[in-house]
Amino acid sequence: MKMDAHAIEEFVQNFHAGSRRDIPITQGHDNGMSGGELPAVAWFAELFARPDGLWGAAKWTEEGKNLLTSGAFKYFSPEF
């Protein structure tokens with residue numbers, strides 16, 4: 001997948017148009033092992049196109065907040 005400025009702007013436009021809402025942030029990667037989707041710990045509430053890439057603001061669940069504040073997860077790892 002090529003992520004250039006045009007593709008990023010398309011992501012943002014589609015998000016704001018409502019064609020791709022409810023984008024989850026899950027705890028870890030499924031890798032097809034669970035037989036289903038992992039539960040969301042946050043949902044993207046906003047997307048932004050910036051000169052250095054695609055940015056987003058998330059609305060965290062209580063479980064997601066606990067995972068972050070406890071140090072269980074330190075990094076964000078996107079998965080398409």
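Model, not experiment: these values are computed from the prediction.
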J.: If you group Ile, Leu, Val, Met, Phe, Trp and Tyr by side-chain heavy-atom gaps below 4.5 Å, do Ile25 and Phe11 land in one group?
T.: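 In one cluster with Ile25: Phe11, yes.
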J.: Where is the tightest heavy-atom contact between Ala49 and Glu9, given as atom of each residue plus distance?
T.: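 Nearest heavy atoms, Ala49 then Glu9: CB-OE1, 3.4 Å.
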J.: Indicate the atoms forming the closest heavy-atom contact of Val12 with Leu47, along with that distance.
T.: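 It is CG1-O, 3.8 Å.
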J.: Report yes or no: do Phe48 and Trp60 belong to one cluster of Ile/Leu/Val/Met/Phe/Trp/Tyr joined by side chain heavy-atom distances under 4.5 Å?
T.: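 Not linked; separate clusters.
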J.: Shortest non-hydrogen contact from Phe44 to Phe15?
T.: O-CZ, 3.7 Å
J.: Once salt bridge (Lys or Arg N to Asp or Glu O under 4.0 Å) is applied, do any residues pair with Lys65, and if so which ones, sequence neighbours excluded?
T.: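 Partners of Lys65 by the salt bridge (Lys or Arg N to Asp or Glu O under 4.0 Å) criterion, ordered by chain and then number, come out as Glu62.
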J.: Roughly how far, to the nearest 0.5 Å, is CD1 of Ile8 from CD of Glu10?
T.: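 Glu10 atom CD to Ile8 atom CD1 measures 11.5 Å (nearest 0.5 Å).
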J.: Are Trp55 and Met3 co-members of a hydrophobic cluster defined by side-chain heavy atoms under 4.5 Å apart?
T.: no
J.: Any side-chain heavy-atom pair from Val41 and Phe73 closer than 4.5 angstrom?
T.: no
